[in-house]
Amino acid sequence: MLILLAAWVLLSAIYLLLAGQLPGDEIGLALACGAAAACWFGKVASVAERRFRFEPAAAAVAVRAVAGLPRAVVKVAAALVRGAGGKVVRQPFLRGRTGDPADAARRAAALLAVSLAPDKFALRLPERRAELELHSLVEPSAATDPRWPT
């Protein structure tokens, strides 16, 4: 029950964030949509054969990606003013097992975090190599963990 309550609060807050305004009708709609989505989440979770498992490292990567946005915007703005062009770079990246849902979720979270920043974008994740191809406007930082590229 606590998970459904947390899902309702989180989904309602996301609705309000995306709406961008706080009039009474938007708040009421956010609460109603959040409740409907939380009920849907609860129903799907009760009949699912596989349980969703969130890796704490994924949350840390997402927080670092969002926290680095202002700095990345400044770096990209400076690169665009200078007229710098982008280039393709390769970063070490461990794909993990192909059929493993946990590795698939980690790959998805890592690719989203890499592509969230305005200074780089994931181009390709080759199946046969342990690397990630990125298009980068500025020189990327050295990857410290090949499971979670930055």
Query raised in the report: Between I27 and L11, is there a shared hydrophobic cluster once you connect ILVMFWY residues whose side-chain heavy atoms come closer than 4.5 Å?
Result: no
**Report entry** Partners meeting side chain to side chain contact (heavy atoms under 4.5 Å, CB included) with R71 (sequence neighbours left out)
**Finding:** K75
Requested in this report: Show your working on side chain to side chain contact (heavy atoms under 4.5 Å, CB included) between F93 and R129 and close with a plain yes or no.
Outcome: CA-CA 9 Å; F93 180 65; R129 293 180 287 186; over 6 Å; no
**Report entry** S12 side-chain N/O to A30 backbone N/O, donor-acceptor pair under 3.5 Å
**Finding:** yes
Query - V9-L22 co-clustered via ILVMFWY side chain contacts under 4.5 Å - result: yes
Report task. Take L125 and R95 through the test side chain to side chain contact (heavy atoms under 4.5 Å, CB included) and record every step on the way to the result. Result -> CA-CA 8 Å; L125 180 58; R95 290 182 55 86; 3.0 Å; yes
Report task. Supply the members, apart from L18, of the Ile/Leu/Val/Met/Phe/Trp/Tyr cluster built from side-chain contacts under 4.5 Å; use none for a lone residue. Result -> L10, I14
Report task. Verify the cluster assignment for V81 and V73: are they in a single hydrophobic cluster under the rule of side-chain heavy atoms below 4.5 Å apart? Result -> no
Query - Approximate separation, where rounding is to 0.5 Å, of L94 CG and L132 CG - result: 11.5 Å
Query raised in the report: Should L123 and L134 be marked as a side chain to side chain contact (heavy atoms under 4.5 Å, CB included) after you check the CA-CA gap, both sets of side-chain angles, and the distance that decides it?
Result: CA-CA 5 Å; L123 294 175; L134 303 170; 5.9 Å; no
Query - Qualifying side chain to side chain donor-acceptor pair (under 3.5 Å) pairs with a residue from residues 15-32, counting only residues at least two apart or across chains - result: Y15-E26
Query raised in the report: Donor-acceptor pair, R97 side chain versus A104 backbone, under 3.5 Å?
Result: no
